[in-house]
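Counting from 1, the numbers follow the sequence of the chain as shown. Just the heavy atoms: all of them, side chains too, but no hydrogens, waters or symmetry mates, feed the values below.
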Amino acid sequence: MIPVEICVHSQSESAVLESVSAAWQGGASRIELCSDMANDGLTPPVSHIEVARRTFVDRAGLMVMIRPTPGGFFYDAETVRLMEKQISDAGNAGADGVVIGVLDPDTGKIDKERCRRLVGKAKDRGMQVTFHRAFDAITDWQNGLDDLIELGIDRVLTAGIPWGKAGTAYDGLNCLEHMLRHAHGEIELVVGGGVNLQNSLEISRALIRINAHFSLHTYSAVLESDVVSQDKVSLLRKTLTSLV
């Protein structure tokens with residue numbers, strides 16, 4: 001079965017409880033907990049992580065965004081220290097993994113030195129690491145993917161199209177196929193960016209032929225009245241079951 005990851009907007013404790021419960025009951029493999037989705041997702045409060053942990057019960061898929069400030073993916077030393085603290089806080093609150101992304105302002109490439117610090121902090125606490133869509137902001141994805149593998153990062157979230165460009169993961173399908181082949185199963189591709197009930201089947205049909213590990217990530221497509229809908233998550237799962 002293709003794993004399904006649901007992005008949960010950390011608006012309030014009650015909203016987290018409702019959305020995470022719907023994702024869990026709908027059969028989501030993982031959730032990605034983020035605050036301030038209007039700014040592409042920031043670090044959620046610790047109390048919200050604790051609610052999500054209790055609600056996602058014993059399913060080992062609680063991923064927490066670690067992004068203290070909006071506006072880009074370049075961080076100074078002080079902010080990286082804050083991110084290390086947020087990683088520790090997330091681990092203490094029960095997170096199974098964190099979602100990070102740091103780029104070098106001089107080269108626009110992945111900032112390996114700072115990422116290595118963050119990955120080390122997470123791994124020391126037994127947590128998984130996903131590199132978020134900062135990956136789509138770099139120009140050389142081949143070397144970028146090699147860098148993430150070298151850093152020991154478990155997953156990378158990507159739409160296969162440049163960050164900020166209009167379109168969805170379906171538009172990036174050709175690039176996503178090349179990425180999967182390049183990865184050789186050494187890192188999981190989390191395909192996200194406009195993934196919905198209509199295009200998820202076409203995306204999955206194309207990628208499943210490569211016989212490499214990938215998952216799907218969705219946000220707005222499973223919302224109803226601004227919270228996650230159990231029925232929509234369940235329908236997405238059932239749609240993908242037909243491929244197995």
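You'll find the side chain of Val233 reaches within 4.5 Å of the side chain of Ile6, heavy atoms only. Counting heavy atoms from C-beta on, the side chains of Thr130 and Asp154 never come closer than 4.5 Å. Two residues are said to be in side-chain contact when any heavy atoms from C-beta on lie closer than 4.5 Å; Leu103 and Lys109 fail this criterion. Between Thr43 and Ser35, the closest side-chain pair of non-hydrogen atoms is not below 4.5 Å. Val129 has its side chain within reach of Ile100: a pair of non-hydrogen atoms, C-beta onward, lies under 4.5 Å apart. By the 4.5 Å heavy-atom criterion applied to side chains, Phe56 and Ile31 are counted as neighbours. Contact annotation: the side chain of Leu207 approaches that of Leu173 to within less than 4.5 Å [non-hydrogen atoms, C-beta and beyond]. Between Leu42 and Met65 there is no side-chain heavy-atom pair separated by less than 4.5 Å.
The OG1 atom of Thr168 lies 11.0 Å from the CD atom of Gln198; values are rounded to the nearest 0.5 Å. A distance of 9.0 Å separates OG of Ser12 from CD of Glu18, quoted to the nearest 0.5 Å. A distance of 10.5 Å separates OG of Ser220 from CG of Asp226, quoted to the nearest 0.5 Å. Separating the OG1 atom in Thr107 from the CD1 atom in Ile110 is a distance of 9.5 Å, to the nearest 0.5 Å. Distance check, rounded to the nearest 0.5 Å: CD1 of Ile66 to NZ of Lys85 gives 10.5 Å. The OG atom of Ser204 lies 4.0 Å from the CG atom of Leu216; values are rounded to the nearest 0.5 Å.
Heavy-atom contacts from other residues, nucleotides or ligands closer than 6.0 Å to CD of Glu113 number 12 or fewer.
No side-chain donor-acceptor contact under 3.5 Å links Ser10 to the backbone of Pro44. Between the side chain of Ser19 and the backbone N or O of Val227, no donor-acceptor pair lies under 3.5 Å. Without hydrogens or angle criteria, His9 side chain to Met37 main chain gives a donor-acceptor distance under 3.5 Å. In terms of modelled atom types and a separation under 3.5 Å, the side chain of Lys232 and the main chain of Leu223 share a donor-acceptor contact. Between the side chain of Asn196 and the main chain of Ala221, no donor-acceptor pair closer than 3.5 Å is present. Remark: the backbone N or O of Gly120 is not paired with any side-chain donor or acceptor of Arg116 at under 3.5 angstrom. Side chain of Ser242 to backbone of Thr239: a donor-acceptor contact under 3.5 angstrom is found. Of the possible donor and acceptor atoms, none in the side chain of Asp111 sits under 3.5 Å from a partner among the backbone N and O of Phe74. Listed for the Thr241 side chain is a donor-acceptor partner under 3.5 Å among the backbone atoms of Arg237. With hydrogens and angles ignored, the 3.5 Å screen pairs a side-chain donor or acceptor of Asp96 with a backbone N or O of Gly61.
Taken together through direct or relayed side-chain contacts under 4.5 Å among Ile, Leu, Val, Met, Phe, Trp and Tyr, Val51 and Val64 form part of one hydrophobic cluster. Using a 4.5 Å cut-off between side-chain heavy atoms of Ile, Leu, Val, Met, Phe, Trp and Tyr, with links allowed through other members, Phe73 and Leu157 fall into different hydrophobic clusters. By the criterion of side-chain heavy atoms lying less than 4.5 angstrom apart, applied directly or through intervening Ile, Leu, Val, Met, Phe, Trp or Tyr residues, Ile161 is not grouped with Leu148; the two fall into different hydrophobic clusters. Hydrophobic clustering (side-chain heavy atoms under 4.5 Å, transitive across Ile, Leu, Val, Met, Phe, Trp, Tyr) groups Val102 together with Phe131. Transitive grouping of hydrophobic side chains (ILVMFWY, heavy atoms separated by less than 4.5 Å) brings Leu236 and Val8 into a common cluster.
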Task: Stepwise side-chain contact (heavy atoms from CB on, under 4.5 Å) test for Arg205 and Leu243 - done: CA-CA 7 Å; Arg205 278 178 178 150; Leu243 294 172; 3.4 Å; yes
Open item on the list: What verdict does the salt bridge (charged side-chain N to carboxylate O under 4.0 Å, His left out) test give for Glu150 and Lys112, after you've listed the backbone C-alpha separation in whole Å, the side-chain angles of each residue and the deciding distance to 0.1 Å?
Closed with: CA-CA 9 Å; Glu150 178 194 334; Lys112 292 172 65 177; 3.0 Å; yes
Open item on the list: Between Asp124 and Lys121, is the salt bridge (charged side-chain N to carboxylate O under 4.0 Å, His left out) condition met? List the steps.
Closed with: CA-CA 5 Å; Asp124 284 347; Lys121 178 67 71 171; over 6 Å; no
Task: Stepwise side-chain contact (heavy atoms from CB on, under 4.5 Å) check, Ile87 with Met127 - done: CA-CA 9 Å; Ile87 289 171; Met127 289 190 285; 3.6 Å; yes
Task: side-chain contact (heavy atoms from CB on, under 4.5 Å) evaluation trace for Val16 with Thr55 - done: CA-CA 9 Å; Val16 169; Thr55 311; 5.9 Å; no
TODO: Start with the C-alpha gap between Glu186 and Arg181, add the side-chain angles, then the distance that decides, and say whether salt bridge (charged side-chain N to carboxylate O under 4.0 Å, His left out) holds.
DONE: CA-CA 10 Å; Glu186 295 184 77; Arg181 292 190 175 95; over 6 Å; no
TODO: Take His178 and Trp141 through the test ring-ring contact (aromatic ring centres under 6.0 Å, His included) and record every step on the way to the result.
DONE: CA-CA 10 Å; His178 287 297; Trp141 67 258; 7.1 Å; no
TODO: Show your working on side-chain contact (heavy atoms from CB on, under 4.5 Å) between Val156 and Leu189 and close with a plain yes or no.
DONE: CA-CA 5 Å; Val156 55; Leu189 256 65; 4.0 Å; yes
- [ ] Kindly indicate, with the supporting measurements, whether the criterion side chain to side chain donor-acceptor pair (under 3.5 Å) is fulfilled by Ser88 and Glu84.
- [x] CA-CA 6 Å; Ser88 294; Glu84 288 180 296; over 6 Å; no
TODO: Go through His132 and Asp40 one step at a time and tell me if the side chain to side chain donor-acceptor pair (under 3.5 Å) criterion holds.
DONE: CA-CA 10 Å; His132 57 55; Asp40 300 312; over 6 Å; no
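Side-chain contact check for Asn92 and Asp89: no donor-acceptor pair (N or O, by modelled atom type) lies under 3.5 Å. Using modelled atom types, one finds a donor on one side chain and an acceptor on the other under 3.5 Å when comparing Asp76 with Thr79. Under 3.5 Å, the side chains of Ser215 and Glu5 contain no donor-acceptor pair of N or O atoms.
Nearest heavy atoms, Met63 versus Arg30: CG-CD, 4.2 Å. Considering every non-hydrogen atom in both Gly94 and Leu62, the closest pair reads O-CD2, 4.0 Å.
Between Phe135 and Trp163, the distance separating the two ring centers is not shorter than 6.0 angstrom.
Sorted by first and then second residue, the ring pair (Phe, Tyr, Trp, His ring centres under 6.0 Å) pairs with a member in residues 198-233 form an empty list; sequence neighbours excluded.
By the 4.0 Å N-to-carboxylate-O rule, Arg133 lies too far from Glu32 to be salt-bridged with it.
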